[in-house]
Amino acid sequence: MTEDPWRDLTEAVAALVRAGEETLGLPRVDVPFELSAPQFGDIALPTHAYAKAARASPPEIAARLSEAMPPAGNYVSHHEPVSGYVNFHLDLGPFAEHTLGAVLQSVEGYGRAAPNGLRALVEHTSVNPTGPVHVGRARNSIIGDTLARLLDRTGYEVTREFLVNDSGRQVLTLLWGLDNLREKDMEPPAREGEDYRLVRFYQKAMAAAEDPAVAEEVDGLVRRLEDGDEEIRRRVRTVTKQMMDGILRSLERLDIAFDNLFWDDQVLADGSAQRVVERLRDGGHLEEEDGAFYIDMAPHGFAGRNPRWFLTRRDGTTLYTTRDLAYHLDKFGRSDKALTVLGEDHRLEFQQLSVALRLLEVEQKAEAVFLAFVSLPEGRLSTRAGRVVNLDDLVDEAVERALLAVKARREDLSEEEMGRIAEAVGIGAVRYNIVKVQPEKRILFRWDQALSLEGQTAPFLQYAYARAAGILGKAAGLDGWDARFLAHPHERALVKLLARYPGVLRDAAERRRPNRVALFGHELAMTFNQFYRDSPVLQAEEDPRAARLALVTAFRIVLGNLLVCLGIQPLEEM
RNA sequence: GGACUCGUAGCCUAGCCUGGAGAGGGCACCGGCCUUCUAAGCCGGCGAUCCCGGGUUCAAAUCCCGGCGAGUCCA
């Protein structure tokens with residue numbers, strides 16, 4: 001049984017409405033919705049939908065319906081008709097008791113659904129290992145990691161996976177660079193780490209590959225790898241591993257980690273990529289042109305400039321798409337839900353992949369979340385062109401700014417404590433500023449925006465958490481409390497938000513909108529700040545004090561859970 | 001040429017799936033609040049043709065159609 005106090009309330013309201021409908025002989029109408037304006041109560045039912053059947057005006061219906069319903073219900077103190085709506089008012093005492101009780105009992109478990117017995121595989125980041133993580137890639141990592149956390153909380157057994165593309169042209173171009181370019185001809189690396197050392201070879205090699213002779217050599221490497229040349233395979237793996245070390249270390253600092261790295265060359269080595277091509281060919285789904293195989297997508301509703309989806313090149317080598325197809329089949333064998341976080345440039349390809357999976361008569365469907373690009377004022381991010389903002393630099397800068405802020409207000413803390421807080425604030429700010437924006441929305445990267453520490457940001461939430469922790473640290477603990485002593489509008493608002501938290505997580509997970517959690521967190525923290533101003537806790541009379549302490553305790557638990565769900569560290573002080 | 005995504009105050013953004021009560025938040029700007037639990041905060045003010053046009057509906061930022069602009073893709 002999963003705790004969800006808000007659902008309990010809406011069900012109680014629905015029960016009243018059902019009773020009223022029955023008495024009046026009205027058809028059943030769903031969805032009581034929540035209110036934006038508190039002066040109208042807590043939950044409202046618009047009655048316009050009844051108008052036709054009742055042959056009456058909404059204000060009349062509202063009046064009759066309110067009259068016909070039982071005057072109160074579970075968690076509902078009363079209701080009244082107001083110009084076409086029935087407004088329900090929650091009975092704050094019992095509802096607060098129910099909500100706070102649920103939070104205090106479940107603690108970290110509050111907002112977490114019971115295991116559903118299903119395995120979810122979340123693939124994210126999966127960039128070509130050709131250079132350090134830049135902010136565009138990091139958007140994928142941050143949103144992917146947050147989605148994984150959300151699915152975990154909605155009951156899935158989650159695996160986080162990174163598809164390492166170690167058999168594509170890009171990586172082989174890098175390998176060519178290592179064989180043919182000299183380090184002493186290059187600028188020193190921008191930072192420490194193998195990824196920063198190697199990316200210079202990649203950039204120069206890509207430039208060199210403009211020359212057809214060089215491109216020809218790279219093609220040769222691609223062919224040798226596909227033909228099973230062990231030496232090439234081993235060397236690619238070595239380079240890729242070095243690069244991945246740097247990439248994973250950058251992400252680790254943001255508390256982003258993977259359960260599994262899937263090495264792309266595996267589907268070549270074990271023959272599964274070739275087998276997929278054969279299966280499609282045997283099924284009669286492939287066409288051929290000069291030895292290259294493709295699926296004609298035109299019958300499947302694709303009408304672009306070129307509706308052919310190629311699986312192999314003329315020389316028989318596979319394309320990225322083919323390997324991805326084989327990889328998906330592998331994923332399906334290991335999971336009940338396979339979700340991939342992709343750049344929006346993969347949209348069409350993903351649809352084509354889905355068609356191919358259908359042709360293969362695979363039952364499970366691939367799911368994807370698409371992200372719009374992050375760009376700089378001077379253009380798209382490009383590792384190849386060196387037009388990037390590296391994640392490491394962004395994080396360093398954020399932590400540095402956070403450190404200045406801590407130093408300015410907390411001279412009492414030790415250097416070490418200030419450093420710890422700055423790290424959590426800086427990293428939190430970076431994650432939050434990225435995750436708060438809806439995935440489909442394009443981001444124009446601006447330093448001041450990415451580094452912002454005020455307003456709708458992680459430190460705003462962390463600060464509210466620290467304030468709550470501060471109060472609780474000074475209180476002796478929680479004995480008996482009576483929720484009926486909560487009465488102030490801000491207390492009511494806070495209880496309602498705490499009650500809604502489990503539903504918000506579920507909704508964010510189902511709709512793949514992690515930004516909703518981030519924005520809900522802001523609302524929660526903002527409401528707490530108002531409560532903090534208006535309702536003194538420690539100095540209050542005994543009964544309100546106990547009730548408010550329970551509220552603050554519950555708030556700290558819920559905001560803490562929310563922050564962890566966003567990969568942001570809650571801070572006891574800041 | 002075709003397809004998909006986005007368009008909400010000077011700037012950023014929520015709401016759109018599932019249509020309902022003066023379109024919610026943040027930044028910037030102006031004015032207030034630290035002798036009481038941390039001012040990374042709070043309160044007030046300024047600021048919106050919800051891209052444009054049509055349609056559906058008692059009711060449209062939200063649904064449908066047609067434009068326009070931006071982004072992305074079509075070995």
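Letters A, B, ... are given to chains in the order of the sequence lines, protein chains preceding strands, and every chain is numbered from 1. In what follows, every heavy atom counts, from backbone to side chain, and hydrogens, waters and symmetry copies are set aside. As the structure is a prediction and not an experimental result, all values here were calculated from the model.
Judged by the 6.0 Å distance and 45° axis criteria, A/Arg281 is positioned over the aromatic ring of A/Phe293.
Shown are A/His79, A/His89, A/Arg492; of these, the side-chain hydrogen bond (donor to acceptor under 3.5 Å, both in side chains) with A/Asp42 is made only by A/Arg492.
Residue contacts shown for A/Met297 are absent, as no nucleic acid heavy atom lies under 4.0 Å away. Note on A/Leu519: only backbone sugar-phosphate atoms sit closer than 4.0 angstrom, heavy atoms only; bases stay farther off. Residue-level contact check: A/Val552 touches neither bases nor backbone, having no heavy atom under 4.0 Å from any strand. Counting non-hydrogen atoms under 4.0 angstrom, A/Phe373 reaches the backbone sugars and phosphates but no base. Among the heavy atoms of the strands, none lies under 4.0 Å from A/Asp290. No engagement by A/Thr527 is indicated, since no non-hydrogen atom pair under 4.0 Å with the nucleic acid exists. Counting non-hydrogen atoms under 4.0 angstrom, A/Ala466 reaches a base of the nucleic acid. Across all strands, A/Gly304 comes closer than 4.0 Å to base atoms (heavy-atom distances). Nucleic acid contact for A/Ala49: base, since at least one base atom lies under 4.0 Å from a heavy atom of the residue.
Counting only heavy atoms from C-beta on, A/Arg511 has its side chain closest to B/C16 among B/C16, B/A40, B/A70. Distances were taken from every side-chain heavy atom of A/Asn87 (C-beta onward) to each of B/A21, B/C16, B/A40; the shortest belongs to B/A21. Taking only side-chain atoms of A/Glu440, from C-beta outward, the nucleotide of B/A40, B/G41, B/U5 with the closest atom is B/U5. Nearest nucleotide to the A/Lys441 side chain, out of B/C73, B/U8, B/C11: B/U8. Side-chain proximity of A/Asp345 to the nucleotides B/C37, B/C58, B/C73 is greatest for B/C73. Considering only the side chain of A/Phe310, B/A75 comes nearest among B/A75, B/C73, B/A21. Comparing B/A75, B/G71, B/A40 by their nearest atom to the side chain of A/Glu344 picks out B/G71. Listed nucleotides: B/C4, B/C37, B/C42. Nearest to the side chain of A/Arg347: B/C4. Of the listed nucleotides (B/A21, B/U72, B/G26), B/G26 has the atom at the smallest distance from the side chain of A/His522. Distance from the side chain of A/Arg513 is smallest for B/G15 among the nucleotides B/G1, B/G15, B/C37.
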Identify all side-chain donor-acceptor contacts of residues 543-552 of chain A below 3.5 Å with residues at least two apart in sequence or on another chain.
residue	atom	partner	partner atom	Å
A/Arg545	NE	A/Leu538	O	3.0
A/Arg548	NE	A/Glu491	OE2	3.0
A/Arg548	NH1	A/Pro536	O	2.7

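Distance noted for atom P between B/C46 and B/C52: 24 Å (whole Å).
The distance between atom NZ of A/Lys474 and atom P of B/U36, rounded to the nearest whole Å, is 12 Å. Residue A/Gln456 contributes atom CD, which lies 5 Å from atom C1' of B/G25 at whole-angstrom precision. What separates CZ of A/Phe520 from C1' of B/A14 is a distance of 14 Å, to the nearest Å.
Taking only side-chain nitrogens and oxygens, A/Arg467 comes nearer than 4.0 Å to OP1 or OP2 of B/A39. Taking side-chain N and O atoms only, A/Gln449 has no distance below 4.0 Å to OP1 or OP2 of B/C11. At B/A75, one or more side-chain N or O atoms of A/Asn306 fall inside 4.0 Å of OP1 or OP2 (strictly under the cut-off). A close approach under 4.0 Å does not occur between any side-chain nitrogen or oxygen of A/Gln462 and OP1 or OP2 of B/A40. The phosphate of B/C74 (OP1 or OP2) has no side-chain N or O of A/Gln352 nearer than 4.0 angstrom. Between A/Arg442 and B/C6, a side-chain N or O to OP1/OP2 separation shorter than 4.0 Å is absent. The phosphate of B/A40 has neither OP1 nor OP2 within less than 4.0 Å of any side-chain N or O from A/Arg410. Regarding contacts with the backbone of B/C27, every side-chain N or O of A/Arg446 stays at 4.0 angstrom or more from both OP1 and OP2.
Relative orientation of the A/Phe350 and A/Phe370 rings is perpendicular, given thresholds of 30° and 60° on the angle between their planes.
When ring centroids are compared, A/Phe460 and A/Tyr432 stay outside the 6.0 Å threshold.
Within 6.0 Å of the CD atom in A/Glu416, the count of heavy atoms belonging to other residues, nucleotides or ligands does not exceed 12. Remark: A/Glu288 CD is packed, more than 12 non-hydrogen atoms of other residues, nucleotides or ligands lying under 6.0 Å away.
Taking the nucleotide of RNA chain B with the nearest heavy atom to each of A/Arg380 and A/Val437, the more 5' of the two is matched to A/Val437. Place A/Arg308 and A/Leu571 on RNA chain B by their nearest nucleotides, and A/Leu571 ends up nearer the 5' end.
Judged by centroid separation below 5.5 Å and plane tilt below 30°, A/Phe460 does not stack onto the base of B/A40.
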Given the rule in the side chain to side chain donor-acceptor pair (under 3.5 Å) test, do A/Arg313 and A/Thr317 qualify, once you have shown the distances and angles that lead to the verdict?
CA-CA 5 Å; A/Arg313 296 194 181 91; A/Thr317 57; 3.1 Å; yes
